[in-house]
Amino acid sequence: MAVAWIGDRDVPVAQAAKHAAGLLVSSLSPVFSFDTDVHGTRAAIALAERVGAAYDHIGGEALARETALFTDKGGMFTAPGETRRRADVVVIAGSLPAHHHEFVAELASTAPDLGGGASRQFFLIGAETKAPYLSKVKPMRLAVAGAGIDATLAALRAQCAGRGVAKPVSNFERFAKALAEAKFPVFLFCGQSLDLPGLDMLQGLIADINRKSRASALHLPASESGWGSTLASTWMTGFPMRTGFARGMPEFDPWCFDVARMIAAGEADLHVLISAKDRIVAAKGVSLIALAKSKKPIAGAAVTISIGEPGIDHDAVAWSSRVGTLAAVKAQAATDLPDAATVLRLIAEHLPDGKALPC
C-alpha cells in the first residue's frame with residue numbers, strides 16, 4: 001500500500017520527505033497546524049523553528065481562549081481526583097465535548113468518599129439537562145430567560161453577591177442553598193462554549209464564593225491533544241501555541257500567529273498540516289504538505305504522507321483529563337504506519353544543514 005505521494009504520484013516516503021523539505025526551504029512564510037500527541041508536537045515545533053514557521057493547533061480558537069484564561073487572568077483550579085473524591089456540588093458551565101462525558105457520568109454515578117457522606121448535586125448553565133451522561137442524576141438548570149451563558153453567569157454572580165438583577169436566574173434559591181451547605185463545590189468548564197468574558201466571569205464568581213467559603217474549577221479542555229501540545233510548546237519555547245519563529249526566536253502572539261487567520265489573510269505561502277484524525281482540506285492559494293492517515297493523496301496537496309493515529313496505530317504520550325496530566329497510551333491496534341514525529345524528523349534530515357531534530 002502506498003503511503004506517500006507527490007501530488008497524485010506514488011513515491012517512497014524518503015522521496016516525499018525530501019520534496020517537502022525543498023518546499024519548506026523555498027517558502028517565505030510557512031505555517032504549521034497540527035493535532036497530534038506530545039512526540040509529534042515536539043517534532044513539529046522543532047521543525048517550525050528550523051524553517052522560521054508559525055504554529056497553531058487545528059481548530060485552536062477554543063484552545064486559545066483557555067490559554068488566555070491561564071496566562072492573562074488566572075483562576076482557582078482543582079484536579080480531577082480532588083473533584084472525584086470531594087465535590088458534593090457540581091456545576092457544569094456550558095456544553096462539554098463528548099470526550100469528557102464518560103468522566104462526568106462517573107461523577108454522576110458516584111458519591112464523594114471524602115465529602116462527609118453527602119451525594120452530589122448537579123447544576124447546569126447552558127448545558128443539556130437530558131444528556132445521556134447525566135441520566136443518573138436530576139440536574140437543575142440555571143438560566144435567565146432569553147439570555148446566553150455569559151449573561152446567565154453575570155446574573156448568577158450578581159445574585160450570589162446580593163445585588164439586584166433585571167431578570168433572576170431560575171432555581172437560584174436551590175443553588176444558593178446547595179452552595180451554602182456544600183463542602184467542596186466544583187465548576188466544570190472548557191473553552192468550547194464559553195468565550196473569554198464568560199470564562200473570566202466564571203472565575204470571578206468562584207473568587208467571590210471563596211471570600212466566605214470555598215469553591216474551585218476543573219478545566220476540561222476543548223481538545224486533550226491540544227492541551228498536551230500547549231504544555232509541550234510552553235516547556236520548549238516558553239510560550240503556548242500560536243508562536244512563530246519568523247525572526248529567529250520564539251514570539252507569542254495569539255492574533256498574529258493564528259494560523260487559520262494567517263492563511264485566510266494571505267500571509268502564508270506553505271501550510272504543513274498534521275492530523276491523523278481530522279479530514280484535511282487544502283486551502284486555496286497555499287501549498288500544502290499533509291501528514292494524514294490517508295490511503296490516497298489529499299486533494300490539492302503538494303505532498304501527502306500517511307501517518308498513524310496516536311494511541312491507535314502506535315504508542316503515544318497525550319494529555320488525559322481523567323488524571324489531569326500527561327499519560328502514556330498504548331496502541332489499540334498497532335500498524336506499520338509511521339508516526340508524525342518520525343516523518344517530521346525525516347523531513348528535517350533533508351534540510352540544507354542536515355541536522356537531526358532533537359529527540
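Note that the structure is a prediction, hence the values are computed from the model and not measured.
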Identify each donor-acceptor pair in which a side-chain atom of residues 148-158 lies under 3.5 Å from a protein atom, sequence neighbours left out, and give them as a table.
residue, atom, partner, partner atom, Å
Thr152, OG1, Gly148, O, 2.8
Arg157, NE, Asp208, OD2, 2.7

- Message: With salt bridge (Lys or Arg N to Asp or Glu O under 4.0 Å) as the criterion, how do Lys18 and Glu349 come out once you've worked through the C-alpha distance, each side chain's angles and the decisive distance to 0.1 Å?
- Response: CA-CA 8 Å; Lys18 183 178 181 180; Glu349 291 175 3; over 6 Å; no
Hydrophobic clusters here meaning ILVMFWY residues chained together by side-chain heavy-atom distances under 4.5 Å, can you tell me if [X] and [Y] are in one?
| X | Y | result |
| --- | --- | --- |
| Leu134 | Val186 | yes |
| Leu357 | Phe245 | yes |
| Val25 | Leu291 | yes |
| Val323 | Leu107 | no |
| Leu288 | Leu346 | no |

Do [X] and [Y] have side-chain heavy atoms sitting under 4.5 Å apart?
| X | Y | value |
| --- | --- | --- |
| Leu218 | Phe187 | no |
| Lys295 | Ser306 | no |
| Arg322 | Pro80 | no |
| Ile307 | Thr342 | no |
| Lys136 | Ser109 | yes |
| Phe34 | Ser275 | no |
| Val38 | Arg42 | yes |
| Thr78 | Thr83 | yes |

Report yes or no: does [X] contribute a side-chain atom to a donor-acceptor pair with the main-chain N or O of [Y] at less than 3.5 Å?
| X | Y | result |
| --- | --- | --- |
| Glu309 | Lys293 | no |
| Asn210 | Ala215 | yes |
| Gln159 | Val165 | no |
| Gln332 | Asp313 | no |
| Ser193 | Ser95 | yes |
| Glu66 | Gly191 | yes |
| Arg84 | Glu106 | no |
| Arg141 | Phe123 | no |
| Thr304 | Ile298 | yes |
| Asp56 | Ser33 | no |

Nearest 0.5 Å please: distance from the [atom1] atom of [X] over to the [atom2] atom of [Y].
| X | Y | atom1 | atom2 | result |
| --- | --- | --- | --- | --- |
| Lys277 | Ile312 | NZ | CD1 | 9.0 Å |
| Ile280 | Ser294 | CD1 | OG | 8.0 Å |
| Ile58 | Met241 | CD1 | CE | 9.0 Å |
| His19 | Ile305 | NE2 | CD1 | 10.5 Å |
| Asp37 | Asp339 | CG | CG | 7.0 Å |

- Task: Report the C-alpha separation of Leu124 and Leu142 in whole Å, then their side-chain angles, then the decisive distance to 0.1 Å, and conclude whether the side-chain contact (heavy atoms from CB on, under 4.5 Å) test is met.
- Result: CA-CA 6 Å; Leu124 308 178; Leu142 302 172; over 6 Å; no
What closest approach, in Å, do [X] and [Y] show between heavy atoms, and which atom pair accounts for it?
| X | Y | result |
| --- | --- | --- |
| Gly311 | Ala316 | N-CB, 3.6 Å |
| Gly40 | Ala340 | CA-CB, 4.4 Å |
| Gly308 | Leu337 | N-CB, 3.6 Å |
| Ala87 | Pro112 | O-CG, 3.5 Å |
| Leu63 | Gly226 | CD2-O, 3.6 Å |
| Cys256 | Glu267 | O-OE1, 4.4 Å |

- Message: Is there a side-chain contact (heavy atoms from CB on, under 4.5 Å) between Arg214 and Phe184? Walk through the geometry before answering.
- Response: CA-CA 7 Å; Arg214 70 170 176 169; Phe184 194 59; 3.6 Å; yes
- What pairs meet the ring pair (Phe, Tyr, Trp, His ring centres under 6.0 Å) rule with one or both residues in residues 63-102, with sequence neighbours excluded? Phe70-Phe77, Phe70-His219, Phe70-Trp227, His101-Tyr133
- Query: Checking salt bridge (Lys or Arg N to Asp or Glu O under 4.0 Å) for the pair Asp113/Arg86: CA distance, chi angles, key distance, verdict?
  - Reply: CA-CA 7 Å; Asp113 64 318; Arg86 297 183 186 277; over 6 Å; no
- Task: Step by step, work out the salt bridge (Lys or Arg N to Asp or Glu O under 4.0 Å) result for Glu173 and Lys177.
- Result: CA-CA 6 Å; Glu173 290 74 15; Lys177 182 174 184 296; over 6 Å; no
- Task: Decide, yes or no, whether a salt bridge links Asp88 with Lys183 under the criterion of side-chain N to carboxylate O below 4.0 Å.
- Result: no
- Query: Given Phe122, which of Val91, Leu188, Val89, Val137 fulfils the side-chain contact (heavy atoms from CB on, under 4.5 Å) condition?
  - Reply: Val137
- Evaluate the side-chain contact (heavy atoms from CB on, under 4.5 Å) criterion for residues Val31 and Phe257: first the C-alpha distance (whole Å), next the side-chain angles of each, then the deciding distance (0.1 Å), finally the verdict. CA-CA 9 Å; Val31 293; Phe257 300 126; over 6 Å; no
- Query: Given the rule in the salt bridge (Lys or Arg N to Asp or Glu O under 4.0 Å) test, do Glu61 and Arg242 qualify, once you have shown the distances and angles that lead to the verdict?
  - Reply: CA-CA 10 Å; Glu61 193 59 39; Arg242 294 190 171 176; 3.4 Å; yes
- Check the pair Leu24 / Val272 against side-chain contact (heavy atoms from CB on, under 4.5 Å), numbers first and verdict last. CA-CA 9 Å; Leu24 284 167; Val272 180; 3.9 Å; yes
- Message: Does either side chain, that of Ser225 or that of Asp35, offer a donor lying less than 3.5 Å from an acceptor on the other one?
- Response: yes
- Query: Do the side-chain N and O atoms of Tyr55 and Thr41 include a donor-acceptor pair separated by under 3.5 angstrom?
  - Reply: no
- Message: Check this for me: Asp353, atom CG, are more than 12 non-hydrogen atoms of other residues, nucleotides or ligands nearer than 6.0 Å?
- Response: yes
